[in-house]
Amino acid sequence: MSEFGRLLGSIARGKHYTTVIDLCKQMESSGIAHNVHTFTILINCFCNLSHLGCAFSVLAKMLKLGLHPNAITFTTLINGLCLDGKVHDALKLFEVVEPTVVMYGAVINGLCKSGNNELGLQMLKKMERSGLEPNIVIYNTIIDGLCKDGRVTEAEKVIDSMNSRGVKHDLLTYNVLMNGFCLHNQMEKATKLFDVMVGSGYVPDTFSYTILINGYLNIERIDEASRLLSEMCNKGWLPNTVTYNAFIGGLCKAGRIHGAQEVFENMCCNGPPPNLNTYITFLDGLCKQGHLDLALTVFKLMRERKMNPTVVIYNILIHGMFNFGMFEVARGLFLSLFHKGLKRNIHTYNKMISGLCKEGLFDAAYQLFRQMESDGCPPDSWTYTAMLSGLHQSNDTSTADQVLREMADKGISAN
RNA sequence: GAUAAAAUUACUCUA
């Protein structure tokens, strides 16, 4: 039985979540019983596929069988709730179970990732008071949240207090800090920190290099990014899909479409294989630079390579088409979302409405605006702004007033 | 009781 758990665990670690779920079904039908361990693995798989409902059904089944979920089960569920954006529910669950260090790690991560650094810091304090010692994972989580928020100085203070509590920083701490500098146009500081890190005996990994590479690419320093790429290769670190995706984005941004295409084609032929983000990055770059024909070719290629376009891919193309006057193509793409069974999101509608208004197609825009609610995408402040501007352009003051009232009723204010 | 299951870093669509 524990053999089975081990098997499931290793498959789950390889991220083959659906395989695990299938195996569990087979296991059940052949009468092999679950235990807390295998149930928890199953819950984690559902969480990682964002099938929270299924995850909680498994929990219910566990309870019905008289099995007691343990701290790991709860941590898994808390993490799943956070991944699904339900941080409040995660907190509620957290409050009714006996906390552990890892459980704190999961909620703090959920809080920091959802823009609640303050609550994350409060949790850290609460944890310290409760007698549980925060570990390096918890500190790195907080430091990352602060760095991404541009609060690198505060992050450095957290490092000091962490050190004085006897927790030593690690390679991740350096990577997180470097990324903080890179994201806020402080490449000199990032580079200096890289040198400090190497000088202290840490061996930079693929993350370290990709962080710096991406930083240089963001300021269009392709030369320096390429130099780092060779350096990392010489040191024996293989650039991965993320590293190349960063190059594709950076090259497109610098207008070097040909270079980006070369990187992309090389990935297709020699690996590492392009993933969804490769297509998102490349298509977005192509569309922003007005290379719509090539974008459509890549879009076709994507489907030939059995990579399923998502709504994000469609949004990018729709946006590109509107920007370069091909609004009929954009409308066609919008319609194919329905044919393909892909759910529209707020980006889709905001792009469509502002695009249609730009073309003077106010009625069409208004029609979409009115279908948003029933399509599960309630308009946000940006939708209202775009729609109102369209209504004003078409001198439809009565509709504009009505929309303004609705907006006020919903407590949404203009941008 | 565990040589099995849980939390942290890079690429990633709109004004």
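Chain letters run A, B, ... following the sequence lines, proteins first and then strands; every chain starts at 1. In this text, all values refer to a predicted model and were calculated from it rather than measured experimentally.
- Aromatic ring centroids of A:F264 and A:Y279 lie under 6.0 Å apart.
- Going from atom CG of A:N179 over to atom P of B:U8 covers 15 Å, rounded to whole Å.
- Using a 4.0 Å heavy-atom criterion, one finds that A:K358 contacts no nucleic acid atom at all.
- When heavy atoms are screened at a 4.0 angstrom cut-off, A:L172 is found touching base atoms of the nucleic acid.
- For A:D375 (side chain) and A:Q371 (main-chain N/O), no donor-acceptor pair under 3.5 Å exists by modelled atom type.
- Across all strands shown, A:N44 has heavy atoms under 4.0 Å from sugar-phosphate atoms exclusively, and none from any base.
- Atom pair A:L228:CG and B:C11:P shows a separation of 16 Å (rounding to whole Å applied).
- Among the atoms of the strands shown, base atoms are found under 4.0 Å from some heavy atom of A:N240.
- Remark: the A:T75 side chain and the B:A6 base include a donor-acceptor N/O pair separated by less than 3.5 Å.
- In this structure, the nucleotide among B:U14, B:U12, B:A6 sitting nearest to the side chain of A:N277 is B:U12.
- At a threshold of 4.0 angstrom between heavy atoms, the contacts of A:S354 with the nucleic acid are absent.
- Aromatic ring orientation, A:F46 versus A:H51: tilted (interplanar angle from 30° to 60°).
- Between A:N214 and B:C11 there is a side-chain N or O to OP1 or OP2 distance below 4.0 Å.
- Between the CG atom of A:N135 and the P atom of B:U9 there is a distance of 14 Å, given to the nearest Å.
- The environment of NZ in A:K358 is crowded: more than 12 heavy-atom neighbours from other residues, nucleotides or ligands sit within 6.0 Å.
- Atom pair A:N315:CG and B:C13:P shows a separation of 11 Å (rounding to whole Å applied).
- For A:I41, whose side chain is taken as the heavy atoms from C-beta onward, the closest listed nucleotide among B:A7, B:U9, B:A5 is B:A5.
- Within the nucleic acid shown, A:V102 comes within 4.0 Å of at least one base atom, counting heavy atoms only.
- Ranking B:A6, B:C11, B:U8 by closeness to the A:T281 side chain, first place goes to B:C11.
- With B:A4, B:A6, B:A10 as the candidates, the nucleotide lying closest to the side chain of A:F207 is B:A10.
- The side chain of A:R13 contributes an N or O atom lying less than 4.0 Å from OP1 or OP2 of B:A5.
- A:N350 has no side-chain polar atom (N or O) that falls below the 4.0 Å cut-off from OP1 or OP2 of B:A15.
- Of the options A:Y349, A:F322, A:F327, a ring-ring contact (aromatic ring centres under 6.0 Å, His included) to A:F334 is made by A:Y349 and by none of the others.
- No hydrogens or angles were tested; on distance alone, nothing pairs the side chain of A:N245 with the base of B:A10 as donor and acceptor under 3.5 Å.
- Remark: C1' of B:C11 and CG of A:D284 are 12 Å apart, rounded to the nearest angstrom.
- B:A6 and B:A2 have their C1' atoms separated by 16 Å, given to the nearest Å.
- Checked against B:U8, B:C13, B:C11, the side chain of A:D144 finds its nearest nucleotide in B:U8.
- Proximity note for A:T76 (side chain, C-beta onward) versus B:C13, B:A6, B:A5: the nearest is B:A6.
- One can place CG of A:N48 at 9 Å from P of B:A6, the figure rounded to the nearest angstrom.
- Heavy-atom minimum distance, A:C252 versus A:L286: SG-N, 4.3 Å.
- Between A:K253 and the phosphate of B:U12, there is no side-chain N or O to OP1/OP2 separation shorter than 4.0 Å.
- In this model, the phosphate group of B:U8 is not approached by any side-chain N or O of A:K148 to a distance below 4.0 Å at OP1 or OP2.
- For A:R6, the side-chain atoms get nearest to B:U3 when compared with the rest of B:A7, B:U3, B:A6.
- Between A:H169 and A:Y174, the angle of the ring planes goes over 60°, which puts this pair in the perpendicular group of the 30/60° scheme.
- In this structure, A:F39 places its CZ atom 18 Å from P of B:A5, rounding to the nearest Å.
- Within the 4.0 angstrom heavy-atom criterion, no nucleotide atom of any strand lies near A:N415.
- The interatomic distance linking A:H37 (NE2) with B:A2 (C1') rounds to 10 Å, in whole Å.
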